[in-house]
> 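Input: one structure, supplied below.
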4 protein chains.
Amino acid sequence: MASFCDQDYLQALLDVEVALAAAAAASGLIPESSVGDIRAAATADRYEIAALEGDARSDGNIVIPLVRKLTEAVAARNPESARYVHHGATSQDIIDTAQVLRIRVESAALQKSLTAIMNACAALAREHAVTPMPGRTWLQQASPTTFGLKAAGWLDMIGRCRDRIGDVAERSRVLQLGGASGTLASLGNAGSAVAEAMAKELGLTVPAMPWHTHRDRLADVASAFGISSGALGKIGRDLTLLAQSEIGEAVESKGSGGSSSMPHKQNPVHAVTALAGAIRTPGLVATVLAAMPQEHERAAGGWQAEWPAMTELIRTTRESADAVATAIGNLRIDRSAMRRNLEVRGGVAMAEALSSALMPHVSRSDAMKHVERLCRTVDREGGSLRDTAARDPEITRWLPAAEIDRVLAPEHFLGSAKVFVERVLTLWSV
Amino acid sequence: MASFCDQDYLQALLDVEVALAAAAAASGLIPESSVGDIRAAATADRYEIAALEGDARSDGNIVIPLVRKLTEAVAARNPESARYVHHGATSQDIIDTAQVLRIRVESAALQKSLTAIMNACAALAREHAVTPMPGRTWLQQASPTTFGLKAAGWLDMIGRCRDRIGDVAERSRVLQLGGASGTLASLGNAGSAVAEAMAKELGLTVPAMPWHTHRDRLADVASAFGISSGALGKIGRDLTLLAQSEIGEAVESKGSGGSSSMPHKQNPVHAVTALAGAIRTPGLVATVLAAMPQEHERAAGGWQAEWPAMTELIRTTRESADAVATAIGNLRIDRSAMRRNLEVRGGVAMAEALSSALMPHVSRSDAMKHVERLCRTVDREGGSLRDTAARDPEITRWLPAAEIDRVLAPEHFLGSAKVFVERVLTLWSV
Amino acid sequence: MASFCDQDYLQALLDVEVALAAAAAASGLIPESSVGDIRAAATADRYEIAALEGDARSDGNIVIPLVRKLTEAVAARNPESARYVHHGATSQDIIDTAQVLRIRVESAALQKSLTAIMNACAALAREHAVTPMPGRTWLQQASPTTFGLKAAGWLDMIGRCRDRIGDVAERSRVLQLGGASGTLASLGNAGSAVAEAMAKELGLTVPAMPWHTHRDRLADVASAFGISSGALGKIGRDLTLLAQSEIGEAVESKGSGGSSSMPHKQNPVHAVTALAGAIRTPGLVATVLAAMPQEHERAAGGWQAEWPAMTELIRTTRESADAVATAIGNLRIDRSAMRRNLEVRGGVAMAEALSSALMPHVSRSDAMKHVERLCRTVDREGGSLRDTAARDPEITRWLPAAEIDRVLAPEHFLGSAKVFVERVLTLWSV
Amino acid sequence: MASFCDQDYLQALLDVEVALAAAAAASGLIPESSVGDIRAAATADRYEIAALEGDARSDGNIVIPLVRKLTEAVAARNPESARYVHHGATSQDIIDTAQVLRIRVESAALQKSLTAIMNACAALAREHAVTPMPGRTWLQQASPTTFGLKAAGWLDMIGRCRDRIGDVAERSRVLQLGGASGTLASLGNAGSAVAEAMAKELGLTVPAMPWHTHRDRLADVASAFGISSGALGKIGRDLTLLAQSEIGEAVESKGSGGSSSMPHKQNPVHAVTALAGAIRTPGLVATVLAAMPQEHERAAGGWQAEWPAMTELIRTTRESADAVATAIGNLRIDRSAMRRNLEVRGGVAMAEALSSALMPHVSRSDAMKHVERLCRTVDREGGSLRDTAARDPEITRWLPAAEIDRVLAPEHFLGSAKVFVERVLTLWSV
């Protein structure tokens, strides 16, 4: 199977073996003295990941060769203690519990990156709460929005993602200890006691029963990471679009990539990292979900498929978060570009403002149709919507020139944008 | 785009238009009298889904032609009221809010099916708390488990799925109302008031800001459905394996499918429905996740891809749940088959019990190796592990014949199975 | 299971039953006279799809209730003939062969749409072979390209897709006839003869053996459709980006969607349809692939998962192709917008042309660094790359003003663009 | 981004740079003498993958830092030659062409493994052409098949996969060389000549035009690998099912995995590797497809997402093939288990044989119903279908006891199984 283990994961596997030994000793199943021997041997730097993964191909999982090597290392210190390595557990107990530990660490790290993004978004939202810019729907200019509202949307979404990661990390913080068939038969009557002690040692909770082939908690974690990656991809998408040479409203200003042939190039490398991540993670989440229908007490394929998928999913999502944190934290905002873009195509994107201003006077559909006609005129003949409207008797009949100017000023057609920004800032207290 | 709308969804779209009108009237934006006209025209049976979906292909979404038809129907009652249809909203406001309403209904229905499964599993867990059966790992017999523990595992997992559906349904219960660019500019200063009134009318909450292109809540719903489907697939997998002709430990006894050519056939149709569902849903969840990086204020592709994916995902998951409820609720359990299967291959699956019994006397690895040798003898020469052990001086040196019998009785090597079953039953109070 | 059957598919199922009867009669297994009775009853309009799909839920597949209804209909004409309906076949023989027939029809229809796209692209490629426009990499302006080359790229890609569809349609054109377990035991010694006759009747070939659980040919079809959908999505992506209000180089001019609130809006509906399709189809292809590990002689889940996935995949891909054909066939090209966009940011996108022109005189890295410096000056101080270069002694030392003008004219830095366009047009003979 | 580069890939990147230099020299663009300097520096062992991948995070791709390092290494030999490194190319030219080279090597290696599987399957098919075993549909026993036919089904499917890999490897064997925007402007008029020379050097063909954002060929390769993986998963599925303790008809006899706690365990590790692979690869293929809608002349996300997905897909598929080759090449077949399993549940799986034998005498539906009744009797009362039939006057009226025996002998109800096996062996000439 593809490499999914790194130094940290390996250490987590060893930590679980140590906790198992400590718990067994606390229950009197193995001598207290052996725990120290096992602990002393349980440092990741003693073992070679590549070799373990190679052996795992025929052994079936990485813990089988690891226990072999660990047992040898313990035996080298004290042959008696070697008898008590991996006592009562099955390989999956170790791998799943290490996975849980890893999720705890990785979730915290991801939350930290997401918090950095939130802080950066909050600063942008606050600073640009009333900075008008083109709204864009279907990639066409729509009624205006503000850059602050755009940043608030990112903040609100990332805030929910951070909470979601916290939730699933909390819910997945459960020990796996079931032994060969999930009954803990190998521990006789001591099963519960060992599980309690082991969970305490590791800072985990004890589930109602083992969950070797009940993978919904893990799928939940996978989904939460995948959703975060998708949300980061949304920011990445917006950033790449805003940074287009013809638009230039917000540009990554740090560490953006150059070209091997074009001297002028500054590529939005970090935004693209998040976009690439968001293309990859759906397939990884799907893999974890597809792996769920696992056979009886231990899977024939599903569990094994999870390992690399989870590793990739976590790694990719974290890289996306780090990339977006860098991009958002170093964004060069160009208000004048926003202003200039509000005027492209004669400023027809303000059409809704104009038709809204007419509606007290004519029916909704008449207002819509008349303004649409004006917009087509602008498209065909050039000029601005403002001037075209000011020349149109059907418009000036209801709206004097000064009123047309007011109506077509983007800053006067921002509706609740500021309210929304404030609510988002309050909600996340940032 | 593929059909994703049915009668219920169409009605939800119309309900949202009515709520919008009522809210606008409450804020004094439109005449109260128009609300009744709109409400009267807003019944799904007046509109043809196929025709609407056809028009949606060039209009871009189904609400544009629906508003057209609704406006005509309102105008037929009262031309003045027709002016106020869809006031201040954008199509996505209607579609997203209707989606939220649909999720509420579908989530409740799914929870009901999951509850039925939980009750059936609880009955099985209680009844078979100490019924021994072969444990199976990697599709090979392992140390024994109980059928009660297997049923408890299903119950515990489905219970978490039901809770998860409840959580996401709750978290997604938010109004969408943002107007063209998400600023609610079209409602002037009345944006917040209309949103409050509309949410109240529909039993929804008001989010901090519109979420047209922030789809994490929806992705969360999709994930929860997908995880449920995967969990149902796990039950389906176990059921198809247990029902195999050579195993026959638990068989669907109702509505199982026949063959068009083989008179003896009774296919596990409901279990297979859940398995087929679990193959389909990962791709649908992945689609919703892949659709997340949506452009600016309205997507160019992502939002549109969600519609059929969500419809299929919800439908498939609900069918899986109904199928599993039928299968589990009508399961014929064969204890004697379980007992018989515990004895295949000379009962070598009890090997761990024997090696465990030796461990107080010899080292773990010696015990393992010795019992492995006995098992290979049984494989090669036939006979039972019991008889082979009873003839082996290395075994009888530590374990007298009666003790061997006791050790090798599956009911004596069930560890904490009963405790786990009880904990699960208590946890879910079923 | 979700609806996957329409009138055409239903007729295909019935056509296969007729062909089976005809083949059995030709081999003397059933009376020739019965074939006419079966054929007369085998018209899709006699059967209700919704009812058949409902029964399929408990029967396991749609052919079981269909054969029941067909037998009744035949019996109503001639009870004796009813004995010979579905003779020797298993349900999967009918469903798979009907699928093959459907793939043949759908592949041909898709190829037709793709041909329409190719013709439209060829016309654009020819007309705009030397029309310069900004090249864009990482969504940043790069050295120029031509609109003809962009259209040629679409043409070349769609041409390969069309060929690929032809290939897989050809390779998948195989009969399925294996009976209950794939041995055709029900046909005694006549198996091969019936299969030959049936295949001839349907215009199919006879495979070396039945393929009930060997789904690679079908997965190949799914992949080819999915790849077409992805390719159409690439065109959709380019079109939405080109149509942006700020860019406006190529715009859908027919049937583009309006807005329910913004009078000026013209949304690129067809391009977005293709983009939405390309988000959905990867999950559907993945479903067909995930369904491949099918159990023994008939699947418990995998085959059943294929049905709706294939239906959706085919439908979505065809809709994308039709949408792109409409979009490309009605594209309004704006050369002046292309020209104008070549000048944004002072025309720095021509930087590579300038550095290339310096390279005969200074080292590659000096040229790159110097021109980069000029570009930064333009960014900071405004003006054009041309004027900035013309003022720079390090540049004018090697390049006189007229030469700078020549070097910075986009039409002089198009390399092999025209050659590529011609090669593509020749290759596809369009 | 996640690690996707290994030593072989790195060397391929360097080989492409050398070929580019050689081609440029052949066209007189750079001095012939520099080619040797570049070639001398272009050995993978000089460069550190981890460092390059680290730099790629901010540079945007791995070739940018690699060219930097390569240029330094060349400069250390001859500063003049360093000017000509990467002449006229863009990073994607190097990465894509290296990908093509890698696909060539990996495809050949995969075909070799698939050939090994085919040879092993052919041997099994030949040896067991008439070895009866239970057919199994929906995981229920169906009419019998032969182990030879099962092996022939694997062979036929894998043969098609091998051909498919050959096809896509051939079709994807195209150079990528387009320069910054795909026009090869940087090579002036020499574009075609350099491309021809470079392709010749590398054993590739020259496409009609560059394909930087036209990824259908690569998606085709991904699909072919994914389909192979799915096909290998089908074999893995069958093997895990056949190896079940209660079935035991075919068991991996080499390198099968043990358990860390159960002395008797022999897990079907290689079959499970293929099953796990088949769960992972659909998501990876979906990723490559999802990455297809790439922006303009260079992707902002899609291309970058391909790198790790392709690496994982190729690696996983190759591991599956190797695992299945090991499993199939070391399979212990147990004919007596097959025979024994044909008799479970009183041998009712022969029901179709009995009903078929009745059909010349009674109507199809009467025959089906009567035999179904007999099967239910056997289910309820035990005994065998043979004895129950022999006691039934409705049966013995048409079939004497000896005829019942003949009819119910599995070897007499194998239809065209032998013919199919022979055809498959002939088709693949193995």
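Below, chain A is the first sequence line, B the second, and so on; all start at residue 1. The basis for the numbers below is simple: all heavy atoms, side chains too, and nothing from hydrogens, waters or symmetry mates.
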> What part of D:S365 lies closer than 4.5 angstrom to a heavy atom of chain C: side chain, backbone, both or neither?
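Neither the backbone nor the side chain of D:S365 comes within 4.5 Å of chain C.
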> Using a strict cut-off of less than 4.0 Å between a Lys/Arg side-chain nitrogen and an Asp/Glu carboxylate oxygen, indicate whether D:R237 and C:E295 qualify as a salt bridge.
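Counted as a salt bridge, because a side-chain N and a carboxylate O are separated by less than 4.0 Å.
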> For a quick check under 3.5 Å, do C:S192 and D:R423 share a side-chain donor-acceptor pair by atom type?
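There is such a pair between these side chains.
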> Answer yes when D:R171 and C:D167 have at least one side-chain N-carboxylate O distance shorter than 4.0 Å, and no when they do not.
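Salt bridge: yes.
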> Tell me, side chain or backbone of C:V168 under 4.5 Å from chain D's heavy atoms, or both, or neither?
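Neither part, no heavy atoms under 4.5 Å.
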> Between D:I279 and chain C, with a heavy-atom cut-off of 4.5 Å, which part of the residue counts as in contact: side chain, backbone, both or neither?
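Neither part, no heavy atoms under 4.5 Å.
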> Mind ranking C:G188, C:S143, C:A142, C:S229 by heavy-atom pairs under 4.5 Å with chain D and telling me who comes out on top?
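So the answer, after comparing C:G188, C:S143, C:A142, C:S229, is C:S143.
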> Tell me the closest heavy-atom pair linking C:L149 and D:G182, and the distance in Å.
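Smallest interatomic distance, heavy atoms only, reads CD2-O, 3.7 Å.
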> Between C:V85 and chain D, which part of the residue has a heavy atom less than 4.5 Å away: side chain, backbone, both or neither?
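Contact with chain D involves the backbone of C:V85 alone.
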> Between D:V424 and chain C, with a heavy-atom cut-off of 4.5 Å, which part of the residue counts as in contact: side chain, backbone, both or neither?
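The answer is both parts of D:V424.
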> Could you state the interatomic distance from NZ (C:K234) to CG (D:D216), rounded to the nearest 0.5 Å?
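C:K234 atom NZ to D:D216 atom CG measures 11.5 Å (nearest 0.5 Å).
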> Quick check for you: to the nearest 0.5 Å, what is the distance between C:T145 atom OG1 and D:H296 atom NE2?
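Answer for the OG1-NE2 pair, C:T145 versus D:H296, is 11.0 Å.
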